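This one's a predicted model, so the numbers in the text were calculated from it and none came from an experiment. Positions are given from 1, in the same order as the sequence printed here. All ligand and atom numbering here is 1-based and tracks the order in the structure.
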Amino acid sequence: MSIYSLIRPLVFRLDAERAHRATVNLLKLRTGTAFPPEPPDTPELASRVAGLRFPNPVGLAAGFDKDAEVPAQMLSLGFGFVEVGTVTPRPQHGNPKPRLFRLVEDRAVINRMGFNNHGHLAALEWLRQSRHLGGIIGANVGANKESADRIADYVAGVRRMSSAADYITVNISSPNTPGLRGLQDEGALDELLAAVAEARADAPIFLKVAPDLGEADPERIVRAAIDHKIDALIVSNTTISRPPLRSSYANESGGLSGAPLKTLALDALRRFRRASGGEIPLIGVGGIASADDAWERIRAGASLVQLYTAMVYEGPGVARRIAKGLTARLAREGLANIADLVGTE
Ligand SMILES: Cc1cc2nc3c(=O)[nH]c(=O)nc-3n(C[C@H](O)[C@H](O)[C@H](O)COP(=O)(O)O)c2cc1C
């Protein structure tokens, strides 16, 4: 039994957004000598994706550390990489509260945060202060709700954040900024990716997509991504669909994440793998909570995985547990490196 399972009832007595804020504040106290040493580097879990060396394939998904306050602390918990953001050019409050709901019976979360963040400059400042522990820090960028030129917001994100992050994620899949997902549509996507390609510096660019896609979308998105030299696709963001749920919060509007997203995100990943035939690396995210979930996602074509909601239910040790589980299973199945597993289903 983990320590977290003992304190979880206390955490869950707090409103979800307060619990999140308290957690980030606690993590901020873990600085300097309080850090455990670098995450143990298990060579069999290390791999190269998009030219970067990832010490293990389990990443923290965007949205937990929106302002890049605690990336080093999250790396020290055993994540192989941490994606901060979404950050927008200008600070914004996001949607009115309440906007974050725990669906405990479903091991899920619904959020309609709406890109609350302190803006690019604040995130840059935090990133410069954070201690780098040998993992990878990515910056996820978006557009301000009231922006007159959303493409310009992404271009600004790529330009500014490339100096402080190992990779940049272009997030066009959050359901909580009206019209944002429209950037995944044919003409808009092409225009956006052309502008991003022109603005890019050395940092690789990842594109994060929604799980709610039409029949022909994966092929079209893969083609546009390859044409514009995007380095990887992150599949996927939260869903606006509602699979059967038990919680009384089931009908709150926003994006659903956690266990009920798992099948949908896995299915979307398989479709992107089929459409790409391995030509562009994929990062699997959505409902991953165990080493078996990560294993399944990697076999389905993910070079890396990310999680967020599982941390709410399983606690901060979840990344380390998954990494350990993957190492054990590699040994059991006689594989030398996690990269040998990618797309083998
Ligand atoms: C509270 C919350 C806030 C999120 N904020 C962002 C965000 O700002 N940008 C983004 O790209 N994804 C965001 N996400 C989506 C996650 O990065 C991830 O794609 C999704 O939750 C599915 O993974 P999970 O089931 O492991 O949580 C957020 C998710 C949650 C639960």
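Between R200 and D231 a salt bridge is recorded (basic side-chain N to carboxylate O distance below 4.0 Å). Here D153 does not pair with R150 in a salt bridge; the nearest charged N to carboxylate O distance is not below 4.0 Å. Salt-bridge formation is not detected for the pair R329/E44: no Lys NZ or Arg NE/NH1/NH2 atom is positioned less than 4.0 Å from an Asp or Glu carboxylate oxygen. We find that D217 and R271 are not joined by a salt bridge, their nearest charged nitrogen and carboxylate oxygen being 4.0 Å or further apart.
At a heavy-atom cutoff of 4.0 Å, ligand 1 is contacted by no atom of S173, backbone or side chain. Here T309 has heavy atoms under 4.0 Å from ligand 1 in both its backbone and its side chain. Under 4.0 angstrom from ligand 1, there are no non-hydrogen atoms of E83.
Residue T86 has at least one N or O atom closer than 3.5 Å to an N or O atom of ligand 1. Taking only nitrogen or oxygen atoms, main chain and side chain alike, K208 reaches within less than 3.5 Å of ligand 1. Considering backbone and side-chain N/O of N140, one or more are found under 3.5 Å from N/O of ligand 1.
Rounded to the nearest 0.5 Å, atoms CG (L256) and CG (D106) are 8.0 Å apart. Here CG of N116 is found 9.5 Å from OG1 of T88. Values are rounded to the nearest 0.5 Å.
The protein heavy-atom contact nearest to atom 8 (O) of ligand 1 is K66 NZ, 2.9 Å. The protein atom (non-hydrogen) at minimum distance from atom 20 (C) of ligand 1 is T238 CG2, 3.8 Å. Atom 26 (O) of ligand 1 has its closest protein heavy atom at Y308 N, 3.0 Å. The nearest protein atom to atom 31 (C) of ligand 1, hydrogens excluded, is given as S257 OG, 3.5 Å; this is a heavy-atom distance. Of all protein heavy atoms, the one lying nearest to atom 28 (C) of ligand 1 is A62 O, 3.6 Å. Summary of contacts: the protein heavy atom closest to atom 4 (C) of ligand 1 is G63 CA, 3.6 Å.
Applying the 4.0 Å criterion to heavy atoms of L307 picks out, from ligand 1, the atoms 26 (O). For ligand 1, the atoms sitting less than 4.0 Å from at least one non-hydrogen atom of G258 are 25 (O), numbered in the order shown with element in parentheses. Of all atoms in ligand 1, numbered sequentially from 1 with element shown, those under 4.0 Å from a heavy atom of L100 are 1 (C). Atom numbering of ligand 1 starts at 1 in the shown order; those under 4.0 Å from a heavy atom of N171 are 9 (N), 10 (C), 11 (O). In the vicinity of L261, heavy-atom distances shorter than 4.0 Å reach the ligand 1 atoms 22 (C). Close contacts of ligand 1 with V109, meaning ligand atoms under 4.0 Å from a residue heavy atom, involve 31 (C).
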Steps toward side chain to side chain donor-acceptor pair (under 3.5 Å) verdict (N176, N95): CA-CA 8 Å; N176 302 313; N95 290 321; 5.2 Å; no
Side chain to side chain donor-acceptor pair (under 3.5 Å) between N140 and T169, worked out: CA-CA 4 Å; N140 176 308; T169 296; 4.8 Å; no
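Considering R112, R99, R242 as possible partners of E252, the one that fulfils the salt bridge (charged side-chain N to carboxylate O under 4.0 Å, His left out) test is R112.
For the ligand labelled ligand 1, residue G287 lies inside the 4.0 Å heavy-atom shell. In this structure, A259 does not count as a contact residue of ligand 1, since none of its heavy atoms falls inside 4.0 Å of the ligand.
Under the ring pair (Phe, Tyr, Trp, His ring centres under 6.0 Å) criterion, F115 pairs with no residue at all, not counting sequence neighbours.
Both tests hold for R102 against F12: distance to the six-membered ring centre under 6.0 Å, angle to the ring axis within 45°.
The closest non-hydrogen atom to atom 15 (C) of ligand 1, taken over N237, V141, V285, comes from N237.
Residue R21 places its CZ atom among more than 12 non-hydrogen atoms of other residues, nucleotides or ligands, all under 6.0 Å distant.
Note on W126: it does not cluster hydrophobically with V70, by side-chain heavy-atom contacts below 4.5 Å among ILVMFWY residues.
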